[in-house]
Amino acid sequence: MNVYDVLKERGYIAQATHEEEIRALLAKENVTFYVGFDPTADSLHVGHFLGMMVMAHMQRAGHRPICLIGGGTGTVGDPSGRTDMRQMLTDEIIEHNCNCFKKQMQHFIDFSDGKALIVNNGEWLRKLNYIDLLRDVGPYFSVNRMLAAECYKQRMEKGLTFLEFNYMVMQAYDFMELNRRYNCKMEMGGDDQWSNIIAGVELLRRKYERPAYGLTFTLLTTSEGKKMGKTAKGALWLDPDKTSPYEFYQYWRNVGDTDVKKCLSLLTFLPMDEVNRLGSFEGQKINEAKRVLAYEVTKMVHGEQEAKKAQEAAEAVFGGQGILDNVPSLEVSKKALGGRLLDILVQKKIFASKGEGKRLIQQNGLSLNNEKVSDIDRILNESDFADGFCMLKKGKKKYYRIILLDE
RNA sequence: GGGUAGGUGCCCGAGUGGUUAAAGGGAACAGACUGUAAAUCUGUCACCGUGAGGUUACGAUGGUUCGAAUCCAUCCCUGCCCA
């Protein structure tokens, strides 16, 4: 089966510059393609993960992915679809973030034997000379058309700086450079990158009259059109230190019914038969599908062992039975006993402030060992612990195991 | 550079001297209902305090005033129009 059809069937493809040609090209030869990632944080998140999935599918089909890390573009900031300007990052931070990205990418893409490449556009962008650049690619861009691009629409109201306006040029330049160096013929990216991708495709076609293609993949959104992968704390990170495997698992375990099928198809490698089967479950039964989804995605990101642990913990806590060892925990020293539970939890950062904690207690949102805590001044005593542990429940579904330390 | 409209809490946005910790909406959080779902309803949503109350907050800094998000001055930032 042609990868293009696989991608299409699984729902990845949003837009393509030359649908039939791309399909034919992918059937005919091993194509080098690239996806760019700007190092805006020190970890990839779920949105990037979707890109990884696309690349992995392509790689399995024999094509060669290039992960382009935006050490150069990251210094400018992509204005696409944003209402505000990105914060300027320092060179050190960008450097650090690039390294973090590289490490994480190894989990999803096979870089052995040149089967995939990872490059940083800082390598060439940072050396560019302004006049040379202008003369080199400037003539192939129409400002009129750039201004009309969808990605700047929101910015036309709030203001767009020249700095950011150039982002598109840089991205197009990247494609050209990768084409020169690696015979890269296709650029892929999230659908919000469409304008930027076309810019590169057109640059190559106009300047060199070379075939170049662009393809965008669906953005991960809920059935209501909201971005997926947002937690109360922000993004759903792939770095276990920023989002624990348990939290990660829980996120997927809790997706809305209407999004389960889409997630299975986009974020796992389960065969489509299975995706369709699981996705067709209704009512309570769909929980079975969510369980598979959460496990599969967690396994890919954090490994089988962590996925199992997360699943065990979740099921122990929500199912009432099982091993509680892997439930998120916090440690309390014996010295703290006799103090208010509220104060201890604020100190342990379970509550952002005392006010928040009080509110939660007053609203009946806190339980200790399955008993509602109704008294704000509830004291934490040794008798609350059995075998050195006690269970705390915050809100509807956040569980913590409190471990009593001797010290 | 000139003119003009603005900068309010996580976001949008009302408020033009005291009754404003600041309407309304969204987001978020909690409760009920459920299936660890969605929808719905109810409540909460600056910080400290059990409470009374206190503290901090309306771009920044100074000032007028018994009292300012609201008035004045200077500065910074943004949109639009003109150059």
For Met168(A) and Ala149(A), the nearest pair of non-hydrogen atoms, with its separation, is CE-CB, 4.1 Å

So what does Asn287(A) touch, heavy atoms closer than 4.0 Å: a base, only the sugar-phosphate, or nothing?
base

Using atom C1' of each nucleotide, how far apart are A14(B) and C29(B) to the nearest Å?
25 Å

G2(B) versus A57(B) - spacing of their C1' atoms, nearest Å
35 Å

Starting at the 5' end of RNA chain B, what dot-bracket string do you get if Watson-Crick and G-U pairs under 3.5 Å are bracketed, crossing pairs use [ ], other-strand pairs use | and unpaired bases use dots?
((((((((.[[[..)..(.....]]].(((((.......))))).(((....)))...[[[[[..)....]]]]]))))))).

Which residue lies more 5' along RNA chain B, comparing Leu160(A) with Glu315(A) via nearest heavy atoms:
Glu315(A)

How far, in whole Å, is C12(B) from A27(B) if one measures between their P atoms?
15 Å

Validate the cation-pi geometry between Arg10(A) and Phe217(A): distance from NZ or CZ to the six-membered ring centre under 6.0 Å, angle to the ring axis within 45°.
no

Ring-ring centroid check Tyr34(A) Phe175(A), cutoff 6.0 Å:
yes

Once you round it to whole Å, what is the distance between P of G35(B) and NZ of Lys396(A)?
12 Å

By the 4.0 Å heavy-atom rule, please label Glu157(A) as base, sugar-phosphate, or nothing.
sugar-phosphate

Side-chain donor-acceptor contact under 3.5 Å, Ser112(A) with Asp110(A)
yes

Select one nucleotide: of C29(B), A37(B), G35(B), the one nearest the side-chain heavy atoms of Leu360(A).
C29(B)

Taking only nitrogen or oxygen atoms into account, show me every contact under 3.5 Å that the protein makes with nucleotides 10-13 of chain B, one pair per line with its distance.
none

How does protein reach along nucleotides 39-46 of chain B, written 5' to 3' as B (base within reach of a heavy atom under 4.0 Å), S (only sugar-phosphate), or - (no contact)?
S---BSS-

Considering only side-chain heavy atoms of Lys354(A), which listed nucleotide, G31(B), G49(B), C29(B), is closest?
G49(B)

Could you state the CG-C1' distance from Leu345(A) to A30(B), rounded to the nearest angstrom?
16 Å

